[in-house]
Amino acid sequence: QVQLVESGGGLVQAGGSLRLSCSASGSIFSIGTAGWHRQAPGLQREWVATITSDGSTNYADAVKGRFTISRDNAKNTVYLQMNSLKAEDTAVYYCAASVYVRLGMRRGDYWGQGTQVTVSS
């Protein structure tokens with residue numbers, strides 16, 4: 001019933017920008033802590049960025065200063081603005097979020113299906 005859907009992935013040239021969106025839908029009240037992870041071919045999935053319900057953010061060193069995570073609570077959506085993209089940013093990007101079905105009632109953690117980001121050099 002609860003689903004996270006990513007969008008905004010695609011092909012972009014090195015140095016360019018891209019914005020990913022992750023929208024939660026279904027029977028939900030709100031989302032709590034949310035984040036983005038990515039997995040490049042042949043590598044393990046790595047954490048990229050996290051944003052708490054009050055807007056506090058943290059970033060992996062590899063993307064710090066280039067990526068910005070944000071959220072729109074009214075839309076139950078989390079964003080990842082990616083600037084100064086590099087070829088090594090190429091990966092499948094996944095969003096994850098803690099979902100609440102009612103005030104104070106946490107349903108669980110959910111993952112999206114992922115969206116492909118390809119950066120050409």
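Numbers for residues simply follow the sequence, beginning at 1.
S70 OG to I51 CD1: the interatomic distance, rounded to the nearest 0.5 Å, is 6.0 Å. If you take CZ on R38 and CD on Q116, they are separated by 12.0 Å, rounding to the nearest 0.5 Å. Atom CD of residue E46 and atom CH2 of residue W36 lie 14.5 Å apart, to the nearest 0.5 angstrom.
Using a 4.0 Å cut-off between charged side-chain N and carboxylate O, D61 and K64 make a salt bridge.
Looking at every heavy atom in both residues, V48 comes nearest to V63 through O-CG2, 3.7 Å. Contact detail for R71 and T52: the closest heavy-atom pair is NH1-O, 2.9 Å. Contact record, S53 with N73: O-ND2, 4.1 Å, taken as the closest heavy-atom pair. Contact detail for I69 and G35: the closest heavy-atom pair is CD1-CA, 4.0 Å. V78 and A34 get closest at one heavy-atom pair: CG2-CB, 3.6 Å.
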Hey, can you pull the donor-acceptor pairs under 3.5 Å for the side chains in residues 10-33, sequence neighbours left out?
unit_1 : atom_1 : unit_2 : atom_2 : d
S17    : OG     : N83    : OD1    : 2.9
S23    : OG     : T77    : OG1    : 3.1

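Residue V92 belongs to a hydrophobic cluster whose other members are Y94, W111, with links defined by side-chain heavy atoms closer than 4.5 Å.
For residues 48-84, the set of pairs meeting the ring-ring contact (aromatic ring centres under 6.0 Å, His included) definition, not counting sequence neighbours, is empty.
Atom CZ of R106 is surrounded by more than 12 heavy atoms from other residues, nucleotides or ligands within 6.0 Å.
At a threshold of 4.5 Å between non-hydrogen side-chain atoms, the residues V2 and R107 count as touching.
When atom types are taken as modelled, the side chain of R66 and the backbone of A62 share a donor-acceptor pair closer than 3.5 angstrom. In this structure, T115 contributes its side chain and E6 its backbone to no donor-acceptor pair below 3.5 Å.
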